[in-house]
Amino acid sequence: MRYLSHIVMASALAAAMGFAVPASAQATRTWVSGVGDDLNPCSRTAPCQTFAGAIVKTASGGEINCLDAGLYGMVTITKSISIICEGQTGKIQPELTYENRFGAIVVEAGPDDKVFLSGLDIRGGNWAGQGGIAFLSGKELHVRNSTFHNLGSCAIGVSDAGSVLLENITSSANFCGLGLHRSSAGTLNFTARNIRITDSLRSGITVGTSSSTASVKGVVSESLIATTTDDSWGFDNHGITANASSGQIHLTIENSIIKDQKVGAIDARGAGAILGVRGSVIAHNMLGVSSQGGARVSSYGDNILLDNVSNGSFTNSATKK
């Protein structure tokens, strides 16, 4: 009897201590579906309905997949995670509220966290401040094969975060395409490859620093920045702007097309802004190339400036390496 009583007590203790942990443990891979339910475990056979519902059930370093094309809601990411919707587009409609107008996806991850996003379609209502992806903290952000449309801020905005890789991105009719800024000590490194930015209300790509100890180093390659929108909003369009009001910007633009900007195709400002342009076409802009405040914009000699109201001028020539 004493032995049996010990067994009963042990069983009761195990239940009290919660040995149902495996049922609530986070999975390394989860799924969402337009017909899912966030009360589900987010498995392939019982998927969740939103990214926000799936991310709390996905372990750090894990992966969320889309079973079908659906509207999966806004999400804040605070850990290493992958959201992959290749072949089954994951759509997000940012909410039109003052509290949630800063980004459909907000990344506020730790200093060692890496975030990978692919196959997303984010569409807004042109509300001021309503952005696509806001990368505020984390080690790495990789976004590929995604589209952004009709947002009142940048399709992808990066502020004082780690390194960024952007591939096969389409931005159309947003306030700006890419915004990359560093205001604190350290370096933001980015690569933007095969980026198509059309009809931005204000700017295609804006790069900035605002601290003497801040720097941004980036490459824009094989990309198109074009504006064909009318002037009903009253904004002036810029292609690529680099503003080193303080700190350093080192930017390379290669094998790209910048055209139809109402103000300038390439505009560099501040003594810390150093740009190099190679193999690119700068056409049908009000002003092709401009530099102010000691900024340098170098040509590698193989660029084409065509039918601009004013071509402007490069500050110097550079030699290909």
Main-chain N/O of Pro111 paired with Asp113 side-chain donor or acceptor, under 3.5 Å
no

Consider only side-chain N and O atoms of Asn308 and Asn311, and report whether a donor and an acceptor are under 3.5 Å apart.
yes

Would you please say whether a donor-acceptor pair under 3.5 Å links the side chains of Asn255 and Ser221?
no

Rounded to the nearest 0.5 angstrom, the NZ-CG distance for Lys217 and Leu251 is 13.0 Å

With rounding to the nearest 0.5 angstrom, report the CD1 to CD1 distance, Ile253 to Ile282.
7.5 Å

Could you walk me through whether Ser245 and Ser210 pass the side chain to side chain donor-acceptor pair (under 3.5 Å) test, one step at a time?
CA-CA 6 Å; Ser245 58; Ser210 55; 5.6 Å; no

In the single-linkage hydrophobic clustering (I, L, V, M, F, W, Y; side-chain heavy atoms under 4.5 Å), do Ile225 and Leu287 co-cluster?
no

Could you go through Val220 and Ile195, starting from their C-alpha distance and side-chain angles, then the distance that decides it, and tell me whether this counts as side-chain contact (heavy atoms from CB on, under 4.5 Å)?
CA-CA 8 Å; Val220 177; Ile195 310 298; 5.7 Å; no

dist Tyr72:OH -> Ile105:CD1 (nearest 0.5 Å) comes out at 13.5 Å

Hydrophobic cluster identity match, Phe51 and Leu71, side-chain contacts under 4.5 Å:
no

Over all atoms of both residues, closest heavy-atom pair of Ser280 and Asn303:
N-OD1, 3.0 Å

Looking just at side-chain N and O atoms, do Thr241 and Asp267 make a donor-acceptor pair shorter than 3.5 Å?
no

Please assess Leu188 against Val164 for the test side-chain contact (heavy atoms from CB on, under 4.5 Å), listing each intermediate value before the final yes or no.
CA-CA 8 Å; Leu188 165 62; Val164 180; 4.0 Å; yes

Minimum heavy-atom distance Cys66-Gly90, with the two atoms named
SG-CA, 4.0 Å

Glu222 vs Arg193, salt bridge (charged side-chain N to carboxylate O under 4.0 Å, His left out): CA-CA, chis, key distance, verdict
CA-CA 6 Å; Glu222 302 169 19; Arg193 182 168 51 243; 5.6 Å; no

For Val281, is there any backbone N or O sitting under 3.5 Å from a side-chain donor or acceptor partner on Lys259?
no

For Phe190, the ring-ring contact (aromatic ring centres under 6.0 Å, His included) test, sequence neighbours excluded, returns none

Sole residue of Val216, Val207, Thr213 in side chain to side chain contact (heavy atoms under 4.5 Å, CB included) with Arg182
Val216

Without swapping roles, check the side chain of Asn174 against the backbone of Leu151 for a donor-acceptor pair under 3.5 Å.
yes

Ser203 and His238 side chains, donor-acceptor separation under 3.5 Å
no

Nearest 0.5 Å, what's the CD1-CG distance between Ile156 and Leu117?
8.5 Å

Is the backbone N or O of Ala109 less than 3.5 Å from a side-chain atom of Ser137, with the two atoms forming a donor-acceptor pair by type?
yes

Could you check whether Thr147 and Asp121, counting side-chain N and O atoms only, form a donor-acceptor pair closer than 3.5 Å?
yes

Look only at the side chain of Thr58 and the backbone of Glu63, and say whether a donor-acceptor pair between them is shorter than 3.5 Å.
no

Checking the side chain of Asp199 only, and the main-chain atoms of Thr227 only, is there a donor and an acceptor separated by less than 3.5 Å?
no

Looking at Asn194, is its backbone amide N or carbonyl O close enough to the side chain of Glu167 to form a donor-acceptor pair, meaning the two atoms are under 3.5 Å apart?
no

Are Ile83 and Met74 joined in one hydrophobic group, where the rule is that I, L, V, M, F, W and Y side chains link up if heavy atoms are under 4.5 Å apart?
yes

Going through the checks in order, is the side-chain contact (heavy atoms from CB on, under 4.5 Å) test met by Leu180 and Ile205?
CA-CA 8 Å; Leu180 304 112; Ile205 299 175; 4.2 Å; yes

Surrounding CZ of Arg29 (heavy atoms of other residues, nucleotides or ligands, distance under 6.0 Å), is the total greater than 12?
yes

Check for me, please, whether Leu306 and Ile257 land in the same ILVMFWY cluster - side-chain distances under 4.5 Å, paths through other members count.
yes

Is a side-chain donor or acceptor of Asn65 paired with a backbone partner of Trp31 at a separation under 3.5 angstrom?
no

side-chain contact (heavy atoms from CB on, under 4.5 Å) for Phe148 and Leu178? Distances and angles first, verdict last.
CA-CA 11 Å; Phe148 304 81; Leu178 308 179; over 6 Å; no

Can you tell me if Asp68 and Ser33 form a side-chain donor-acceptor pair at under 3.5 Å?
yes

Have Ser118 and Arg144 got a donor and an acceptor in their side chains that come within less than 3.5 Å?
yes

Nearest 0.5 Å please: distance from the CD1 atom of Ile169 over to the CD1 atom of Ile197.
9.5 Å

Atom of Leu67, atom of Arg44 and distance for their closest heavy-atom approach:
CD1-O, 3.4 Å

Transitive ILVMFWY side-chain link Leu305 to Leu275, under 4.5 Å
yes

Derivation and outcome, side chain to side chain donor-acceptor pair (under 3.5 Å), residues Ser298 and Asn316:
CA-CA 5 Å; Ser298 302; Asn316 59 286; 2.9 Å; yes

What are the two closest heavy atoms between Asp38 and Cys48, and how far apart are they?
OD1-CB, 3.4 Å

Here the gap from Arg123 atom CZ to Ser172 atom OG, rounded to the nearest 0.5 Å, amounts to 6.5 Å

Closest approach of Thr209 to Gln248 (non-hydrogen atoms, all atoms of both residues)
CG2-O, 3.5 Å

Any donor-acceptor pair under 3.5 Å from Ser211 side chain to Ser184 backbone:
no

Backbone N or O of Cys176 within a donor-acceptor pair of the Ser200 side chain at under 3.5 Å?
no

Nearest heavy-atom neighbours spanning Thr252 and Glu254
CG2-OE1, 4.0 Å

